Amino acid sequence: MVSGDSTDPTVRERAARLGRALLLGGVLAALAVPLLVLSGETLVFASEKVFAVGALVFGFSILGWSGSVFAGKGIENFQRHIGGRSDWSEADSRQAMALLGSVGLGGMVGAMAATLVVGGLA
Amino acid sequence: MISKRFVVKRLLLLVPVLFGVATFVFAILHLAPGDPARVIAGQRASEQFVQQVRTELGLNDPIWVQYGRFLLEAAQFDFGNSYQIQKGTPVKQVLRFKLPVTLEMALFGQFLGILFGIPIGLLGAVKQDALSDHVTRIGALTGISVPIYWSGPLLILLFAQILGWFPASGRIASEFSITPITGIITFDTLVQGNFAAFQSAAMHLFLPSVVIGIYSMALVSRMMRSSMLEVIRQDYMRTARAKGQGSRITVMKHGFQNALIPVVTVIGIQFGTLLGGAVLTETVFGIPGIGTLLVSAIQVGDYPVVQGTVLTFAFLFTLVNLLVDVTYSYLDPRIDQ
């Protein structure tokens with residue numbers, strides 16, 4: 001997506017997308033923890049693994065986001081220089097990483113909440 | 001003139017990079033199989049003792065508490081104490097003695113790579129398609145293609161076993177006893193005025209540095225050649241020559257600095273590869289650096305040492321890239337606009 005394009009999402013739309021991604025991560029993690037417990041794993045194990053998966057996605061997205069900011073413009077210029085027709089852009093990459101990061105963060109929060117709930121019920 | 005805003009912006013970007021690496025490493029270590037408490041307590045220890053160790057290490061706390069604590073401590077460069085490699089010793093202290101060993105090797109490797117890579121690349125560009133260009137091109141392609149675990153033993157076989165010119169492993173001959181100042185042994189021996197020890201350290205360092213520098217040299221020379229060829233064809237170079245300036249002065253005065261810009265990037269990115277290559281080089285040459293430390297720490301499940309080592313690697317890599325950016329903007333002031 002080219003910067004300044006009329007199809008650029010507004011701040012509110014972006015926040016809504018991030019919120020939905022956060023919710024998706026949270027729901028997935030909140031389901032994964034009790035499912036692992038029901039399959040016979042301990043709550044500590046389930047909590048640790050689900051939280052760690054969320055953290056993995058979150059950490060990866062932060063690295064991807066900073067990589068895009070660090071080198072994104074350079075890559076765009078390079079593509080233009082070699083006459084490539086790729087649609088990759090720094091802004092798109094940043095937004096994609098922010099969405100992925102929200103899923104990861106949601107997963108971490110979801111794992112935390114699910115652990116507290118399942119622990120309280122047990 | 002380098003703008004302060006550019007440098008500050010780049011410095012601020014280091015924070016998310018290190019935060020991302022820290023989170024990533026934390027997650028991977030907690031997804032990996034194995035219980036560090038069991039490793040510390042020993043395989044024959046009772047479950048009660050293992051639980052006691054877990055409590056002491058804070059491993060019984062919820063994982064988000066461990067994550068928060070790890071981030072807080074990592075921000076202060078405190079990675080806790082080693083579980084297994086040097087039991088009870090702070091990781092900071094372990095790294096303090098190991099890091100200079102690897103840095104010394106990587107820096108000498110990089111130095112050799114630049115020392116030979118740039119002139120070879122220049123020669124290839126100036127004498128394009130001559131015999132020297134073909135020879136350096138084949139040399140560079142070989143250098144890029146040869147892996148460290150192959151070139152290392154081969155060099156040891158030739159220069160240590162057959163010719164006996166250089167020692168095969170270690171950092172210095174056993175007869176020398178050096179008090180470490182910086183940990184960079186060649187520097188320490190020079191500062192202490194012990195030239196015999198310096199010679200021994202330099203001889204020990206030569207083969208690992210060559211092994212680690214071959215790839216860098218090959219890449220730098222190829223980049224220098226293609227960049228210089230592009231610059232040589234520019235109008236301003238033709239104008240300088242048309243005005244009667246000698247070709248050597250034209251190349252060195254007008255062409256070299258402009259051709260250097262992409263080479264600087266390669267050198268910066270290369271440094272990260274050199275640090276990675278140190279893991280293999282140290283293993284081949286039996287050098288007790290950060291690379292061998294990382295491998296041992298992974299094998300025995302020493303979480304704090306792994307976390308500290310990876311974060312230090314990441315910090316060094318991002319710092320070098322920052323230096324590359326600053327050098328960039330010095331060579332071409334348009335970049336920081």
Side-chain angles (χ1 to χ4, degrees), chain A residues 25-26 29 32-33 36 41-75 77-78 81-82 90 93-94 97-98 100-101 103-120, chain B residues 6 9-37 51 54 59-68 70-71 74 230 261-262 265 268-269 303 307 310-311 314 317-318 320-322 324-325 328-329 332 334-337:
Chain A
V33 172
L36 277 172
E41 299 291 353
T42 62
L43 178 61
V44 173
F45 178 89
S47 168
E48 190 166 313
K49 298 301 170 190
V50 175
F51 186 91
V53 170
L56 194 71
V57 176
F58 182 56
F60 174 80
S61 70
I62 294 171
L63 281 176
W65 182 88
S66 13
S68 307
V69 176
F70 248 126
K73 290 287 175 201
I75 295 170
N77 289 335
F78 180 68
H81 182 70
I82 61 167
E90 186 253 0
S93 173
R94 258 191 299 113
M97 287 301 158
L100 200 63
V103 174
L105 190 64
M108 291 160 79
V109 176
M112 206 160 83
T115 307
L116 294 174
V117 171
V118 175
Chain B
F6 175 77
K9 197 178 151 195
R10 287 299 190 194
L11 269 174
L12 283 176
L13 267 173
L14 290 183
V15 179
V17 172
L18 293 175
F19 176 55
V21 172
T23 305
F24 203 73
V25 174
F26 177 86
I28 283 183
L29 285 176
H30 281 82
L31 284 171
D35 181 4
Q51 280 306 318
R54 286 187 68 83
L59 294 172
N60 276 336
D61 294 335
I63 186 166
W64 51 90
V65 174
Q66 292 180 49
Y67 176 62
F70 164 67
L71 286 182
E230 201 180 317
I261 296 171
T265 326
I269 296 168
Y303 283 9
Q307 286 167 339
V310 174
L311 274 174
F317 188 58
T318 44
V320 169
N321 276 292
L322 175 75
V324 169
D325 282 348
Y328 242 15
S329 59
D332 187 354
R334 287 171 302 176
I335 287 168
D336 62 357
Q337 297 304 314

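What you see is a predicted model, and the numbers here were worked out from it, not measured in a lab. Just so it is clear: chains get the letters A, B, ... in the order the sequence lines come, proteins before strands, and each one is counted from 1.
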Looking at every heavy atom in both [X] and [Y], which two are closest together, and how far apart are they?
X	Y	result
A:V53	B:L31	CG2-CD2, 3.8 Å
B:A32	A:K49	O-NZ, 3.9 Å
A:L63	B:G20	CG-C, 4.0 Å

*Side chain, backbone, both or neither: which part of B:V25 has a heavy atom under 4.5 Å from chain A?*
neither

*asked:* Does the plane of the ring in B:Y67 sit parallel, tilted or perpendicular to the ring in A:F51? Use 30° and 60° as the thresholds.
replied: perpendicular

*So which part of A:V57 gets closer than 4.5 Å to some heavy atom of chain B, the side chain, the backbone, both or neither?*
neither

*Side chain, backbone, both or neither: which part of A:S61 has a heavy atom under 4.5 Å from chain B?*
neither

*Any idea which of A:G64, A:G101, A:S66, A:G54 has the most non-hydrogen atom pairs under 4.5 angstrom with chain B?*
A:S66

*Please indicate whether B:F19 has more than 12 foreign heavy atoms, meaning atoms of other residues, nucleotides or ligands, lying under 6.0 Å from its CZ.*
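Above 12, so yes.
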
*Atom CG of B:L13 and atom CH2 of A:W65: how far apart are they, to the nearest 0.5 Å?*
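It comes to 6.0 Å.
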
